[in-house]
Amino acid sequence: MFQKFVEATNYKTDAETTGSGMANASSGEFVIVKGANWQHPQGRSSNLNGLENHPVVQMSWNDAKTYCEWAGRRLPTEAEWEKAARGTDARMYPWGNEAQL
């Protein structure tokens, strides 16, 4: 769906505009990676082969908002997001009240 949006509008994501995105390093930390964007999630040498039906990554809030407006939708409010993440029983995490490490 995001690719259809880009093709219809020639939209450039924030990561494409800045020339880099964040990716998970082998240490588990997120690092800035040159060339990382929605088409190259782990940097220039990565691609979307086999991931075409996965959620799009390397998206900023601005990118998501612009896509939603194009699609006739909207991003959830903070309260809506919290309810979706925590459920209706006020748990601390989506999976329950205990942290999982």
Donor-acceptor list for residues 36-44 side chains, cut-off 3.5 Å, not counting sequence neighbours:
unit_1, atom_1, unit_2, atom_2, d
Asn37, OD1, Gln39, N, 2.8
Asn37, OD1, His40, N, 3.1
Gln39, NE2, Glu16, OE2, 3.4
His40, ND1, Ser46, O, 2.7

Working for side-chain contact (heavy atoms from CB on, under 4.5 Å), residues Trp61 and Thr66: CA-CA 9 Å; Trp61 183 88; Thr66 304; over 6 Å; no
Within 6.0 Å of CG in Asn53, more than 12 heavy atoms from elsewhere: no
side-chain contact (heavy atoms from CB on, under 4.5 Å) evaluation trace for Phe2 with Met59: CA-CA 10 Å; Phe2 188 74; Met59 297 283 296; 3.5 Å; yes
Heavy atoms of other groups near Glu7 CD, more than 12 under 6.0 Å: yes
Backbone of Gly50 reached by a side-chain donor or acceptor of Glu52 within 3.5 Å: yes
Distance-only donor-acceptor pairs under 3.5 Å for side chains of residues 70-79, two or more places apart:
unit_1, atom_1, unit_2, atom_2, d
Arg74, NH1, Glu80, OE1, 2.8
Arg74, NH2, Glu80, OE1, 3.4
Arg74, NH2, Glu80, OE2, 2.8
Thr77, OG1, Glu80, N, 3.0
Thr77, OG1, Glu80, OE1, 3.4

ILVMFWY cluster, Val57 and Phe5 together (side-chain gap under 4.5 Å): no
CA sep, side-chain torsions, deciding dist, call: Met22, Ile32, side-chain contact (heavy atoms from CB on, under 4.5 Å): CA-CA 5 Å; Met22 300 293 285; Ile32 296 173; 3.4 Å; yes
side-chain contact (heavy atoms from CB on, under 4.5 Å) assessment of Val6 paired with Tyr67: CA-CA 9 Å; Val6 169; Tyr67 168 77; over 6 Å; no
Asp63 and Ser60: side chain donor to acceptor below 3.5 Å: yes
Over 12 foreign heavy atoms within 6.0 Å of CD, Gln3: no
Joint hydrophobic cluster, Val56 plus Leu51, side-chain heavy atoms closer than 4.5 Å: no
